[in-house]
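Here the structure comes first, spelled out in structure tokens, and everything after it is commentary.
Quick note on labels: first sequence line is chain A, next is B, and so on, each numbered from 1.
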Amino acid sequence: MRLWRFKGLSMTYFAGIDIGSLTTEVVILDSNADMLSYSINLTGADCNEAVDQALGQALSRAGLSRDQLSFIVATGYGRVTIPFSDKKITEISCHGTSAHHLFPDTETVIDIGGQDSKVIRIDKEGKVLDFTMNDKCAAGTGRFLEVMAGAFRVSLEDFGQLSLKAEREIPISSVCTVFAESEVISLIAQNQAREDIIRGLHSSVVNRIWNMVQTVGVHGAVTMSGGVAKNRGVVVLMEEKLGKPIHIHTEPQIMGALGAALLAKRHFLQEK
Amino acid sequence: MTKTQMTRKDYLLDQKQKGRHIFGVFPAQYPKELLWAMNVVPAEIWDPPVEITAANAHLQPYICSVVRFGLELVLEGKCDFLDGFLFPHTCDSIQNMASVIHDYIGANKPCYFFYHPKNPHGKAAREYYVLELKNLMRSLEKQLGPLNPDALKQRIQQGHKISSLFGEFYDLRAKGELDVGNGEFYEQIRRGEYLFPDDLIPELEGFLARNKGKGEKRLMPVILSGVLPNPPEILTLFDELGVRVSHDDLLIGSRRLLVPPSNLKDPFKQLAESYFSMPPCSTKGAPIVKRREYLLSLIKATGAKGVIFNVVKFCEPEWFDVPNLTDELKKRGTPTLVLDTELNQGLSGQMKTRVEAFVEMIS
Amino acid sequence: MSFAQKARYNFMKDLGAPALMWLRQSQRKKRPRKPNPYLGPPLKCAGRLREIMTRHYYLSRFSKGAKPVAWVTSGAPVELLRVFDFYTIYPENHGALCGAQKKGPEICSEAEKKGYHPDLCSYARIDLGHAFSGKTPAGRLPRPDLLFCANNICQTVLYWYKELSYYWNIPLIIFDTPYNFQDIREKDIEYMVCQFEEMIPELERISGCKYSHDRFMKIIGIARESASTWGRVLATMKHRPAPISIFDAFVHLAPIVSLRGLPIALDYYRILLDELEERVAKGIGAVTNESKRLMWDNIAVWFKLRDWSLLFAERGLNFVAATYTNAWAETIHYLDEMSPFESMARAYSLVVLNNSLNYRLKLMEQMIRDYQVDGLVILSLRSCKPYSVGQYDLRRLLGERLGIKSVVIESDMTDFRAYSEEQTRTRLEAFFEALEV
């Protein structure tokens with residue numbers, strides 16, 4: 001592989017950039033669709049600065065310069081703000097593409113991000129057949145867990161682990177983030193075991209997502225992407241609901257950027 | 001200045017100067033021809049460009065924005081120049097808003113209520129509809145003087161003309177032979193919400209003459225369903241994405257505009273027959289099978305690649321129909337997208353993503 | 001209808017159900033409830049009510065095939081269906097049952113999975129969720145042969161029953177009751193009478209029974225009697241102390257909703273009325289120390305019924321009037337054997353929710369006076385637009401005219417995901433402070 005890359009001076013490279021509200025990810029691929037590098041950075045207030053930084057980082061890790069990129073696809077909420085991308089594609093198509101690429105038996109993708117969650121149904125070629133997204137409210141998103149972890153003064157990573165340690169589950173009835181927060185505070189005041197409350201909160205998120213999964217329907221293998229896929233608490237509960245294991249990439253956050261890079265390659269070849 | 005260059009408000013004030021009566025009409029189904037015949041200009045109130053503040057003291061946050069905007073317009077005194085209100089019995093929220101305005105706030109002007117049957121199946125409903133038309137006529141006569149029967153016949157003729165012009169609009173649109181963007185198309189359709197027929201007919205004819213024949217056939221044809229094309233930015237987004245709304249099942253659109261003509265002699269029976277043969281509508285109690293068949297026929301006729309349901313948040317008559325309709329369409333291979341929208345709120349990043357992803361999916 | 005199914009139904013009706021009731025009763029006796037110091041003694045006939053309703057739901061599962069089964073809205077003129085011997089199921093009552101047993105969110109989400117928006121009426125979502133999943137705390141409900149819907153309570157029932165009709169491919173009969181923006185008009189009555197005439201052949205076809213005018217007259221008589229007895233039950237709350245509370249009435253409402261037109265409902269309300277009159281004579285109140293009297297506006301919050309009856313009773317507050325419980329006593333007295341169809345049209349189209357808000361305002365003013373009400377609790381209910389739209393103004397006007405203190409609380413009647421305990425508590429406590437209790 002390596003040899004081939006040295007040999008082919010006409011080697012082409014592709015970048016996928018996923019600009020989310022919280023983080024910006026970049027993935028660089030070569031023409032064999034091998035991932036050369038990736039980067040994850042906070043988006044912050046200035047989108048363009050974040051993109052420059054993330055792209056610069058990924059390029060230097062790959063030992064490339066920007067003019068060596070043949071095709072760049074931008075995705076995520078900030079996709080419209082990047083002036084130099086060759087194409088803008090929604091994260092729905094990108095997540096579908098990368099899930100298919102990494103786990104070819106995937107037919108359902110669950111993406112739980114900071115601001116919103118999506119369930120995507122893809123066909124055997126990775127093309128999107130149907131999808132659904134959460135409504136405006138934060139219930140069923142990473143944001144919900146973030147707020148609740150805040151209420152316990154616990155980091156997000158620990159939050160999922162604590163959920164797994166619960167002996168029982170205290171159901172949280174409110175769906176609304178604001179209501180749920182006050183419900184949690186009164187449960188804490190009642191001296192309920194925090195693991196059990198945390199387990200209830202994870203269940204609340206999973207139930208919300210589960211309803212979305214049902215509207216699209218479970219088909220074939222399921223892949224999870226987005227930052228929340230790193231939360232074992234959520235994954236374990238979701239696997240219980242599904243009754244089967246879920247595919248998760250080691251870096252589930254970069255699935256959007258990876259899909260964008262794969263689509264960059266595809267579009268480059270098509271245009272050629 | 002032509003009628004189209006005038007703002008809606010200026011047009012209505014001008015009509016008032018000319019001696020016509022201006023009525024604020026709330027959604028959705030009502031006998032326009034009867035109002036026209038009594039020299040009334042019905043100005044429909046759907047999504048006025050106001051900011052909701054005063055209405056919050058009267059309506060809970062879970063009431064749909066059509067109702068909230070309508071009440072806001074009244075509360076802000078922007079309806080003061082009107083000569084009356086007409087409230088068709090469209091849904092629970094409009095029903096109660098009518099009563100809030102009439103009984104609790106006080107409109108200081110005549111309020112009329114129009115009940116159209118929700119049981120569209122039997123003879124009783126047809127007879128009732130005729131009686132309700134006559135009842136509305138008699139109530140209006142008390143305010144406006146007697147109805148001239150010839151005027152009613154003439155206005156019904158104009159109604160036929162307008163329906164056939166709108167029919168042509170949709171036909172051309174389906175074939176990709178109307179050289180305007182989605183926004184412009186609906187802007188024109190929505191002129192019917194306030195123009196008097198004498199002005200509306202030449203306006204529509206002029207529009208057809210200017211834009212007929214050309215047009216981008218290759219644009220992605222899509223059917224738009226729901227209540228109304230608001231936020232309007234969604235239509236601009238369609239333009240940018242190369243989507244052509246090839247037909248619609250909108251409440252402000254084909255569901256009310258495509259009125260089949262009737263050949264009956266009696267003008268009231270004529271209006272009734274037309275009413276019962278219009279496309280199926282959730283506000284008239286139409287069975288889901290009929291609406292499904294209607295959507296399927298639109299898809300077939302226009303080669304649409306998908307159906308987008310742009311539904312106003314909290315709109316009960318529409319939201320109940322959505323799951324079965326999307327399910328049936330999907331089963332038959334037509335992808336669907338459901339959007340939950342609040343009026344005049346623009347397009348959020350998430351809504352944009354949904355629409356774009358849908359277009360990527362059907363491309 | 002098969003012979004075997006009929007025989008099984010009759011067996012269960014005459015032997016199975018009574019045996020079950022006996023068994024349940026004997027189990028219950030073993031654990032007597034501790035008396036609560038703030039509440040009056042429990043009603044003696046509560047057991048009888050439980051028995052009637054359990055039997056109704058229990059027998060329903062054997063009705064399929066033995067009798068024609070109809071699902072009916074709470075405001076539909078069921079008297080006509082009784083002529084054809086329909087076994088009637090009330091999805092709204094079933095929704096309330098699910099709500100009281102705290103099953104609302106679980107069953108609602110079965111409908112949400114199919115794409116029904118969480119903003120829609122939770123009775124509808126429970127019913128559709130039950131239809132899709134079979135989930136119900138009532139064991140099993142029979143699938144209907146007919147859906148019967150009247151839009152005098154809301155238009156929502158029409159949208160909802162259309163869904164069921166489509167999903168199961170079952171005939172839907174709509175009884176369309178024009179909204180009374182002002183006074184009811186002759187032509188409205190004629191329209192409704194014509195609809196009755198149109199539905200009779202349809203009901204004959206579906207049930208396989210012939211229409212019998214004599215039977216209809218008898219049923220009309222029973223229904224009117226039951227409603228007026230129910231009205232007298234409610235009127236006992238005019239006494240100080242009131243012998244029952246509206247929270248009790250919410251529960252004892254079940255027979256007049258679900259079994260209207262059947263002798264069993266009438267018998268029950270006679271027993272209940274006797275017991276209440278006895279309580280009045282002895283000065284027994286539902287709340288031990290009734291100091292202030294309240295009125296409730298809207299449907300009950302089923303999952304909070306017990307909690308709240310205590311919460312209010314502890315402060316000597318008793319609910320003595322509600323527009324909701326009143327709705328089944330308000331107009332059925334119009335029923336008249338001399339003009340059965342016209343009177344039925346009147347009885348059903350003049351219910352509170354099918355009238356203008358002016359009517360509601362006057363009715364509430366009247367009730368506040370008649371029942372000597374000191375405070376008003378208004379439930380703003382996302383699920384029910386006809387009940388909720390206009391409540392802010394209603395509250396303002398009642399305050400201006402009668403100086404009555406009031407509070408608005410937000411909840412759903414069954415879906416407690418849309419309820420905040422903390423927020424509601426704060427509002428109620430402010431209300432208690434204003435009432436100085």
Turns out that what part of C:Glu198 lies under 4.5 Å from chain B's heavy atoms comes down to side chain
Could you walk me through whether B:Lys313 and C:His117 pass the side-chain contact (heavy atoms from CB on, under 4.5 Å) test, one step at a time? CA-CA 10 Å; B:Lys313 189 159 182 64; C:His117 203 292; 3.7 Å; yes
Does the side chain of B:Tyr104 pick up a donor-acceptor pair with the side chain of C:Arg396 at under 3.5 Å? no
Between B:Val322, B:Asn135, B:Asp327, the one whose heavy-atom pairs under 4.5 Å with chain C are most numerous: B:Asn135
Does any non-hydrogen side-chain atom of B:Pro323 lie less than 4.5 Å from one of C:Tyr167? no
Pick whichever of C:Leu397, C:Leu128, C:Leu353, C:Ile173 has the most heavy-atom pairs under 4.5 Å with chain B. C:Leu397
Side chain B:Asn119, main chain C:Ile174, donor-acceptor under 3.5 Å: yes
Evaluate whether atom CD of C:Glu400 has more than 12 neighbouring non-hydrogen atoms of other residues, nucleotides or ligands under 6.0 angstrom away. yes
C:Cys384 portion near chain B, given a 4.5 angstrom heavy-atom threshold: neither
Per-residue contact mode, B:Ala125 against chain C (heavy atom under 4.5 angstrom): both
Are B:Asp321 and C:Lys162 close enough for a salt bridge, meaning some N to O gap below 4.0 Å? yes
Let me see the working for C:Thr156 and B:Phe320 under side-chain contact (heavy atoms from CB on, under 4.5 Å), right down to the final yes or no. CA-CA 9 Å; C:Thr156 305; B:Phe320 269 99; 3.7 Å; yes
Give a yes or no answer on whether the side chain of B:Asn96 reaches the backbone of C:Pro386 with a donor-acceptor pair at less than 3.5 Å. yes
Between C:Cys194 and B:Lys123, is any pair of side-chain heavy atoms under 4.5 Å apart? no
Quick one: do the B:Asn56 and C:Tyr392 side chains pair a donor with an acceptor below 3.5 Å? no
Name the region of C:Leu361, side chain, backbone, both or neither, that has any atom closer than 4.5 Å to a heavy atom of chain B. both
Can you confirm whether C:Asn180 sits close enough to B:Tyr115 that some side-chain heavy atom of one is under 4.5 Å from a side-chain heavy atom of the other? no
Within the distance-only criterion (no hydrogens, no angle test), does the side chain of C:Asp176 pair as donor or acceptor with the backbone N or O of B:Lys118 below 3.5 angstrom? yes
Can you tell me if B:Ser99 uses its side chain to pair, donor with acceptor, with the backbone of C:Leu357 under 3.5 Å? yes
What part of C:Gln182 lies closer than 4.5 angstrom to a heavy atom of chain B: side chain, backbone, both or neither? side chain
Rounded to the nearest 0.5 Å, what separation is found between the OG atom of B:Ser93 and the NZ atom of C:Lys385? 5.5 Å
Ion pair B:Glu127/C:Lys187, N-O distance below 4.0 Å: no
Quick one: pull up CG in C:Leu120 and CH2 in B:Trp319 and give me the separation to the nearest 0.5 Å. 8.5 Å
Checking C:Tyr191 against B:Leu131 for the side-chain contact (heavy atoms from CB on, under 4.5 Å) test, could you report, in this order, the C-alpha distance in whole Å, the side-chain angles of both residues, the deciding distance, and whether it holds? CA-CA 10 Å; C:Tyr191 171 43; B:Leu131 290 175; over 6 Å; no
Count the heavy atoms of every other residue, nucleotide or ligand shown that sit under 6.0 Å from NZ of C:Lys135, and state whether that count exceeds 12. yes
So for C:Ser165, is it side chain, backbone, both, or neither that comes closer than 4.5 Å to the heavy atoms of chain B? neither
Going from CZ on B:Arg292 to OH on C:Tyr166, what distance comes out if it is rounded to the nearest 0.5 angstrom? 4.0 Å
Would you compute the distance between atom NE2 of B:His89 and atom CG of C:Asn151 and round it to the nearest 0.5 angstrom? 7.0 Å
For B:Tyr62 and C:Ser380, test the side chains for any donor-to-acceptor distance below 3.5 angstrom and give the result as yes or no. yes
Strictly less than 4.5 Å between heavy atoms, which residues of residues 63-71 of chain B line up against chain C? Please order them by number. B:Ile63
Which bit of B:Glu318 comes within less than 4.5 Å of chain C, counting heavy atoms only: side chain, backbone, both or neither? neither
If we define contacts as heavy-atom pairs under 4.5 Å, which of B:Glu132, B:Met97, B:His116 has the most with chain C? B:Glu132
Rounded to the nearest 0.5 Å, how far apart are OG of C:Ser356 and CG of B:Asp103? 4.5 Å
What part of C:Ala111 gets within 4.5 angstrom of chain B, counting heavy atoms only: side chain, backbone, both, or neither? neither
For the atom pair OG1 (B:Thr90) and CD (C:Gln155), what is the distance rounded to the nearest 0.5 Å? 9.5 Å
Steps toward side-chain contact (heavy atoms from CB on, under 4.5 Å) verdict (C:Gln195, B:Tyr128): CA-CA 10 Å; C:Gln195 292 181 66; B:Tyr128 180 77; over 6 Å; no
With a 6.0 Å cut-off on ring centres, are C:Tyr179 and B:Phe113 close enough? yes
